[in-house]
Amino acid sequence: MKQQLEQLVLAALNNLPGGLLPEAPAPSAIVIERTRDTQHGDFATNVALRLAKGARRKPRELAEAIVAALPANPLVARTEVAGAGFINFFLTSNAYSQELATIHELGERYGRSTLGQGQRVMLEYVSANPTGPLHVGHGRQAAYGATLANILGAVGFNIAREYYINDAGRQMDILAASTWLRYLEICGEELPFPANGYRGDYVRPLAQKLHAKVGEQLRRPAAVVLANLPTDAPVGDKEAYIDALMSRARELIGADGFREVLELSLAEMLADIREDLAQFGVEFDRWYSERALGDSGAIDRALARLEAQGRLYRQEGAVWFRATEFGDEKDRVVVRENGQKTYFASDIAYHLEKRELGFERLIDVLGADHHGYIARVRAGLMAMGEPGDCLEVNLIQFVSLFRGGEKIAMGKREAQFVTLRQLREEVGNDACRFFYLMRSHDQPLDFDLELAKSRTNENPVYYIQYAHARVASVMKQLAARELRFDRAEGLASTGLLVGSQEQAVLNSLARYPEALEQAAVNRAPHTLVHYLRELANALHTYYNAEQFIVSDAKLRNARLALVLGVQQVLRNGLTLLGVSAPESM
RNA sequence: GCGCCCGUAGCUCAGUUGGAUAGAGCAUCAGGCUUCGAACCUGAGGGUCGGGAGUUCGAAUCUCUCCGGGCGCGCCA
């Protein structure tokens, strides 16, 4: 609908009498918007206001000229010039009937578009370190990323979904050490647990798996393990302590033994994360390992490229990247004094590789605490000759859990934190995804467990699902009365849908493609949630105002065609959100 | 100190490529089920869009400044 109006206005501008406009306006100058108030018609454009200044005309005068030049169109009943110089479009009821027929024709494909023109987009999300179970913050990133992937895919982008596994580096070593220590406990050794180790309960099952696999093979006496270690926190340095402990572990069980502990821990954690996400309806096309990146030589290639461009220098034994030349606030180390490459080095290599794979746009979904990292990765891409604006980062603000108004403390290193799995099991997947998605991602989220679980009218989760189920219920009732829905007759009789609620429902339905497009362009799944709520509201209001199953067959079928259209659009939207559309509840 | 995000109704939040009278939900109050599911609907009250200044036909939206909050500023990942 909107696009057709844009074409109309463009045609009108080209039809204007000579001399009215100094130059031909760009098509992008034409903005057609839904009106807020139905008194202003269905759509409006401010194009006359925008062009008035350059044309040295009064906005209303220009608007009148544009209206006069508009070609006739079956969608448009009438137009008017209003306010400061807005042009309002009133659509024919036929325009909306047509849209309803389209919904019935396209079914689950209704709303899809070619906006993205098949542009290849790499969407990376979650990418949590496999050093522990996913927590509620990751859950928000998962819900957002998976839904954004669905939405972008629906409007014609070619989306690849990726999870980047940070399986290289010190954090993994610390996890392996933590597993080994818990394993020693299972063996019967008594020793203190390091302050900087992973203290969560989830480490114990890893240790049990290890014990089941290797028996007492990796057992070493506690006294030997602890001999001559520096003092741990709070008195000593926890970093120095854990480093010494990890060196000791490698001495005692060998590099191979340590690797075995690490691999087992990693495999178990990843399996847990994958299962958790799969149960949450969050899938990926590729799980990509940081270690594989290093093994493939990609990091060396990226560094060589930077070196060739003259973007590296040596100082204090380390290799630095001149990030400040590309807008970052300070230069960054890529190779440490000890010869090890930094996480940042593998990260720019990773992003370079995405580009080399042919992705035109790279979207990263990250926790809000990563915002400092955007400038440096972009700088890295630019230094390697890639356009800086191909990288887009969507930061997800933090989640605070509440239980009945009381905030639940969280922290990954602490023994106690709420995992995504626990959250899902307590409130259910549907409520979980809905609550994650109902707020703008750049807004901190207060997630109230009691509210998400409640089956009262305070809980917004069921509102949309209920509208969907209600339509299903009507169809059951229809069958119970031994009546049958005649789609052809219904769609042929939509001229009977003249009530104000019916008009409101038709109007709301026709907005779905626009709502979907807006959610995609703004990377804002929450706007789709809001749209679906409004559509559900229109349905509920209509339901309370009118009987659908009436004796007049034409009217009955027209009304059923309408509410089935609502059900279809609700289902399409909920599916994109990853929320189920139940037939009954 | 520097950087990013944010401040909208009693509460939780929409609304930001500048548009017409700033909107929802919850809470409060008043109504609606012998009729397709009341997990619903209808109506009412409730606002210096954090303060101030600027840009212009027009600002919650853009700019500056101040106040208040969150998060970052490692040869960690």
Side-chain angles (χ1 to χ4, degrees), chain A residues 28 31 33 35-37 39-40 44-46 49-50 52-53 58-60 82-86 88 128-129 131 166-172 174 239 290 315-320 328-330 332-344 346-347 367-375 395 397-398 400 405 438-440 442-446 448 451 454-463 465-467 469-478 480-481 501 521-522 524 526-527 529-530 533-534 536-537 539-550 556 559-560 563 584-585:
Chain A
S28 61
V31 177
E33 288 179 317
T35 56
R36 196 188 297 261
D37 188 337
Q39 287 184 354
H40 298 134
T45 180
N46 62 357
L49 289 160
R50 291 170 78 112
K53 198 169 204 174
K58 288 185 175 158
R60 287 193 66 108
F86 294 97
N88 294 336
N129 288 358
T131 53
N166 295 130
D167 53 3
R170 186 159 171 272
Q171 298 307 321
M172 284 310 304
I174 295 177
E239 303 288 351
E290 183 185 355
Q315 186 178 307
E316 296 167 12
V319 180
W320 296 71
D328 198 4
E329 56 188 23
K330 56 180 82 166
R332 306 290 173 178
V333 171
V334 288
V335 183
R336 288 195 278 268
E337 198 175 353
N338 64 11
Q340 285 186 338
K341 288 150 197 145
T342 61
Y343 173 81
F344 173 60
S346 51
D347 226 53
D369 53 337
H370 283 67
H371 65 72
Y373 139 123
I374 302 169
L395 297 174
Q397 294 293 323
F398 289 160
S400 300
M438 64 193 274
R439 302 293 180 220
S440 170
D442 58 14
Q443 198 72 239
L445 176 67
D446 289 343
D448 193 315
L451 180 59
S454 73
R455 307 213 155 218
T456 69
N457 62 347
E458 291 173 48
N459 190 340
V461 181
Y462 303 108
Y463 189 85
Q465 291 184 319
Y466 183 44
R470 249 185 166 170
V471 176
S473 178
V474 168
M475 297 311 286
K476 276 178 212 144
Q477 188 59 227
L478 186 76
R481 297 186 195 178
Q501 287 86 10
V521 169
N522 296 330
H526 76 280
T527 59
V529 175
H530 284 266
R533 223 207 81 80
E534 283 166 24
N537 175 247
L539 187 278
H540 287 311
T541 300
Y542 182 33
Y543 184 95
N544 275 276
E546 303 286 355
Q547 287 282 313
F548 306 152
I549 304 175
V550 292
R556 179 176 71 235
R559 286 179 170 174
L560 291 174
V563 298
S584 66
M585 23 194 312

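In the text below, chain A, chain B and the rest are named by the order of the sequence lines, each starting its count at 1.
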Sugar-phosphate only, base, or nothing, as touched by A:Ser473 at under 4.0 Å among non-hydrogen atoms: base
Protein proximity profile, nucleotides 71-77 of chain B - base contact B, sugar-phosphate-only contact S, no contact -, cut-off 4.0 Å on heavy atoms: BSSSBSB
Nearest-angstrom distance from the residue atom CD1 of A:Ile374 to P of B:C5: 9 Å
B:A24 versus B:A9 - spacing of their P atoms, nearest Å: 15 Å
Parallel, tilted or perpendicular: rings of A:Phe548 and A:Tyr543 (30°, 60°): perpendicular
Side chain to side chain contact (heavy atoms under 4.5 Å, CB included) involving A:Ala524 - partner list, sequence neighbours excluded: A:Asn522, A:His526, A:Thr527
Nucleotide N/O of nucleotides 6-9 of chain B paired with protein N/O under 3.5 Å:
none

Considering only nitrogen or oxygen atoms on both sides, find all protein atoms under 3.5 Å from nucleotides 30-32 of chain B and state each distance.
| from | atom 1 | to | atom 2 | distance (Å) |
| --- | --- | --- | --- | --- |
| B:G32 | N2 | A:Asn544 | OD1 | 3.4 |

C1'-based separation of B:C11 from B:C66 [nearest Å]: 28 Å
A:Lys476 atom NZ, neighbour heavy-atom count above 12 within 6.0 Å: yes
Under 4.0 Å protein heavy-atom contacts per nucleotide of nucleotides 19-24 of chain B, with B for base, S for backbone only and - for none: BBB--S
Sugar-phosphate only, base, or nothing, as touched by A:Asp347 at under 4.0 Å among non-hydrogen atoms: nothing
Sugar-phosphate, base or nothing in reach of A:Ser584, heavy atoms under 4.0 Å: base
Salt bridge (charged side-chain N to carboxylate O under 4.0 Å, His left out) partners of A:Arg336, counting only residues at least two apart: none
